[in-house]
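The sequence lines fix the lettering, A, B, ..., with proteins before strands; numbering per chain opens at 1.
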Amino acid sequence: MPVVQIEKAALCQCLNRKDFTDDEVDELCFEFGLELDEVTSEREMLAKEQGDAKAAQMGDQLSDAVIYKIEVPANRYDLLCVEGLSRALMVFQSLAQPPLYKAVQPAAGMKQMRVAPSTAQIRPYVVCAMLRNLSFTPASYKSFIDLQDKLHQTICRQRSLVAIGTHDFDTLTGPFLYEALPPSDIVFKPLNQTKEFSAVELMQLYSGESHLKAYLPIIRDSPVYPVIKDANGVVLSMPPIINGDHSKITLNTKNVFIEATATDAHKASVVLDTLVCAFSQYCSEQFTVEAVQVNYPDGRASIYPSLAYRQVDIQVDYLRKGVGRSDSQLTIDEICNRLTRMCLVAKATSDATVSVTVPPTRHDVLHPCDVLEDLAIAIGYNNLEMSLPPTLCTGKQQPLNSLTDKLRLEVAFAGFTECLTFALCSEKDISERLRLPLDSLPAVRIANPKTLEFQVARTSLLPGILKTVHSNRSLPLPLKLFEIQDVVYKSTDSSGSAVNSRQLAAVYYGKSSGFELIHGLMDRIMQVLGVPVDQYKLSATEVATYFTGRCANVLYKGSSVGTIGVLHPETLAQFDLTLPASAFVFDVEKFL
Amino acid sequence: MEDLRSNILAYIHKHETCSSTELCKEMNVEHQKIVGALNSILAFGEIISAQPEVTSRLELTDEGRQVADHGSHEAVLFASVPAGDGAPQSELMKSVPNAKIGFSKALANRWIRLDKSAPGGPRVYRQVESVSDRIRHCLQMVAALSLDSLTAEERAELKKRKLVQEGRVTVYRVAKGPAFTLTLAKEETELTAEMLATGVWQTLTFKAYNFKALGQQPDCGHLHPLLKVRAEFRQIFLEMGFQEMPTNRYVESSFWNFDALFQPQQHPARDAHDTFFLTEPAACRLDAEQADGYLARVKAVHSNGGYGSIGYNYDWKESEAQKNILRTHTTAVSARMLYQLAQQPQFQPTKYFSIDRVFRNESLDATHLAEFHQIEGLVADYNLNLCHLMGIIREFFHKLGIRRLRFKPAYNPYTEPSMEIFSYHEGLGKWVEIGNSGVFRPEMLLPMGLPESVSVIAWGLSLERPTMIKYGINNIRDLIGPKVDLKMICDS
């Protein structure tokens, strides 16, 4: 979950309080569905990152003011900055009304952004907005940059879906053009550089920059790169990589031109709404944003930001049932009041319906159930009256799991100890180490393992048990181990799926092979399973995992359900084992 | 030992009562041995009585014991000097133990003399023909506790040479007991088959057992602690009337793991950083899901919404849904089960549970592995709400002995409302998260064909966390995997 830092002083101010205890902040967060992650300060954070010495050396440059690190839910983009978070808490505490955000079209006409057909090849959408007469403070300026970064990391999926560029409008001249050009045709001075580079050179330059190189693959192999220019050909940005230096914003910027290019038009609009809603409070005309017209090649014109308010009519009965309260316990007025505290302004339209206005900050509200959740939060989850569901059912086990549990007990009664090993392992574990050719195994292969330990799903329980023996070889002998778990096989049909198979494996490891004990355990299991003597037998076979002449198939009703034998000395050597061992493996599901 | 015991008994028979030091002198053995013999007689029952009296006595130091056994250092040195020709001093110093003390004492006693000007270096000669080792004799008397014969000077000298020290000695006053006898039967340690067969056990005396010693460990098998806790959870669900879901399916399609749960295709959980994708089999066919239009309904609800929802507004791709993965939660199976439930002609209220393995391609640490066990319970019925969800969670955790619960609003892509479950941890003195829960979204249930008035409430938690708390395990690798110490399994 994303984390937002807010200074204690700022939080106190917005919640109209002289002071807070950390417990009170924790409690408020808990109620609202946030999590107070850490109470810290600038100095403590630096000390944690770079050590106490460095923090001490910085002296007065670091602040000791208390900072709360607060985790916000992953779908609440509106809470990703101090501005949005504190406003939501103010409204929640009834200290402010939900603001009314407006997109206005200036009398002199809207600024225009023309989209060239070439962008369809790489990044077809762009949305824009203008924040007029804004005054930044160092804190709000930092927050503005931070929010863009947080949006890039979350909803924008590392700029692949949406990339934001913000510009000092007073350095530019409209109308603007969004087009895609061959990299060598794009030449400009990028942010914080002293000279001009071509896009080809930039890709080279940034391949070594840790914070930018991750974004290069989004466009690198495309024949054309996206670029936004003003009427004079000044490059605003080359999304999703870098802005131009010419139009960069500073603390003194008054008019901020925002563009967001995207592969997903809806997400671009959500991102733009989120950004302008949070920062339009610093405009001379609060919560008001100047609209910009985007002209697509097919003649379509769209006006952004959308800042759409959506009306949702909801049955009061649905809301009351959802929180388990009757008409008298929860009046329509109370419903409306509580929803308003969640920034969802609600009005009764009849005795049975409320009309809820979903603001442009709340793109997480998709369905009336989202409104229901907010109502429950506003009432307080822990104020709801608990009751048991009236549902009457009979408990029932899966036959395979019930058989598994029966076998686990019987094998443990027989003196064997249960291990629990991983379902994922290396290719080598199931092939080379068991002396089996890899291509003979129906193994499921993992595409993106982080280590060699997760290359495949296991096709046998033996490697896990033998590794357990190896880790415990200093214990008194003999070691008698078993495991009943699932292995996984690729399906043989064309379904493109895989199946689990429940297996039981047991290993005896000691001074002698102990085959008679492993054999005895198998006999005992067959007895417990109620298999008549004439339906179960061992028949000599050769499997490379086992020692020559010391291996048999376990036949049940004439077909093989498993193998038993003395392990091959080279199998033992593969697991660094120096003493003999016997083992069996069989398919439990055959006995259901 | 047996002789000593008979001798002691005979002596007591004759004298009625005596002290253990008296026995020492009489039998001419060390006091310790007499005490051993007395204890052994006492083990037979009330043959004798022995009252302990603690007194302060001289006792031998380690060096004193050595002298008592082998002779004083000076006597040893004297014995090493050949009569007549004598021996070089340097050689004696090298070969005789404690030669330095022995040499100076023997010289002082005028037992030997030193010729410094002998050819080939200083040479030692005997001065007398034989010596009497008074020191050794004194120490033997101390060992036998017959101290009366030592003079005050002798005591002082022995102390000064650190051959004796003051010690506490327990002396026993011994007397006949009610069952006094002169003959002791041999003690048996084991009751044998032969004794039973011949009936001889009736006349034998058996050695007393030491009940303070540990017994021998039984040679038994053990169940794995995590799976023992799994059994407890299964038991709770079964008691509460829940039916177990078939979760033996590690490989799942993205469709059932994500799409069916209304988790959008660009959701970070579907990233390769979090989820194991497969190269073989890389993708599956969704023929069955397509056949009755379910796939189309899921596509529609993601792309354009429906069922009262505005949807996610994006271009939903079937190819993405076909990608095989290792399931990231057992909720994939819950989705399949709910879909089957929706296919019945008449909806039946149902309670389902499962406990099985899930996989996450996460960074590993002391509490996270790439695979872990998820516990999940769900109830599908008409008109269920948050109060029912909290109620059944309370019932479930009460059965585990967890009583103080509270609920925090949370976000899960497929439940709304959603709640994290916190319990008050007495040991840590704070609230800790123990599970997650919620009401499944209509966008998930309605495309399956479940009636609109049916709600599904569900909660989940990991099996590893409560197990680690129960057994006090801090590193998850000590609980699961091949590096586990089997002793932990046996002791848990």
Proximal component of Asn472(A), with respect to chain B [non-hydrogen, under 4.5 Å]
side chain
Would you mind checking which part of Lys450(A) comes under 4.5 Å of any heavy atom in chain B, side chain (CB onward), backbone (N, CA, C, O), both or neither?
both
With only heavy atoms counted, which part of Val456(A) is less than 4.5 Å from chain B, the side chain, the backbone, both or neither?
neither
Which atoms of Asn75(A) approach chain B - backbone, side chain, both or neither, heavy atom under 4.5 Å:
both
Answer with side chain, backbone, both or neither: which region of Ser253(B) has an atom nearer than 4.5 Å to a non-hydrogen atom of chain A?
neither
Pick one of side chain, backbone, both or neither for Phe413(A), based on which atoms fall under 4.5 Å of a heavy atom in chain B.
neither
Answer with side chain, backbone, both or neither: which region of Leu34(A) has an atom nearer than 4.5 Å to a non-hydrogen atom of chain B?
backbone
Would you say the rings of Phe30(A) and Phe422(B) are close, in the sense that their centroids are separated by under 6.0 Å?
yes
Atom group of Asn324(B) that falls short of 4.5 Å from chain A, counting heavy atoms:
side chain
Approximate separation, where rounding is to 0.5 Å, of Thr391(A) OG1 and Asp381(B) CG
3.5 Å
Find the distance between OG (Ser303(B)) and NE2 (His266(A)) and round it off to the nearest 0.5 Å.
12.0 Å
Which bit of Glu371(B) is near chain A, if near means a heavy-atom gap under 4.5 Å: side chain, backbone, both or neither?
side chain
Is it the backbone or the side chain of Ser418(B) that comes under 4.5 Å from a heavy atom of chain A, or both, or neither?
both
Which atoms of Arg408(A) approach chain B - backbone, side chain, both or neither, heavy atom under 4.5 Å:
both
Which atoms of Tyr312(B) are under 4.5 Å from chain A, going by heavy atoms: the side chain, the backbone, both sets, or neither?
both
Basic-acidic side-chain contact under 4.0 Å: Arg406(B), Glu27(A):
yes
Bottom line for Val499(A): the part with an atom under 4.5 Å from chain B's heavy atoms is neither
Non-hydrogen atoms of chain B under 4.5 Å away: do they reach the side chain of Gln397(A), the backbone, both or neither?
both
Do the side chains of Lys480(A) and Asp219(B) get close enough for a salt bridge, i.e. N-O under 4.0 angstrom?
yes
Counting only non-hydrogen atoms closer than 4.5 Å, does Glu31(A) touch chain B with its backbone (N, CA, C, O), its side chain (CB onward), both, or neither?
backbone
So, taking the atom named OG in Ser494(A) and the one named CG in Asp287(B), what distance separates them when rounded to the nearest 0.5 Å?
8.0 Å
I'd like to know if Asp486(A) and Arg249(B) make a salt bridge, using a cut-off of under 4.0 Å between side-chain N and carboxylate O.
no
The reported gap from CD in Glu418(A) to CD1 in Ile489(B) (rounded to nearest 0.5 angstrom) is 8.0 Å
Portion of Met240(B) that has a non-hydrogen atom of chain A nearer than 4.5 angstrom:
neither
Measure distances from Phe353(B) to the heavy atoms of chain A and classify the residue's part below 4.5 Å as side chain, backbone, both or neither.
side chain
For the CG atom of Leu388(A) and the CD atom of Glu395(B), what is their distance to the nearest 0.5 Å?
5.0 Å
Residue part contacting chain B, namely of Ile155(A), when any heavy atom lies under 4.5 Å:
neither
Just how far is it from atom CG of Leu372(A) to atom CG of Asn385(B), taken to the nearest 0.5 Å?
8.5 Å
Derivation and outcome, salt bridge (Lys or Arg N to Asp or Glu O under 4.0 Å), residues Arg285(B) and Asp493(A)
CA-CA 11 Å; Arg285(B) 304 175 62 90; Asp493(A) 56 24; over 6 Å; no
So for Phe32(A), is it side chain, backbone, both, or neither that comes closer than 4.5 Å to the heavy atoms of chain B?
backbone
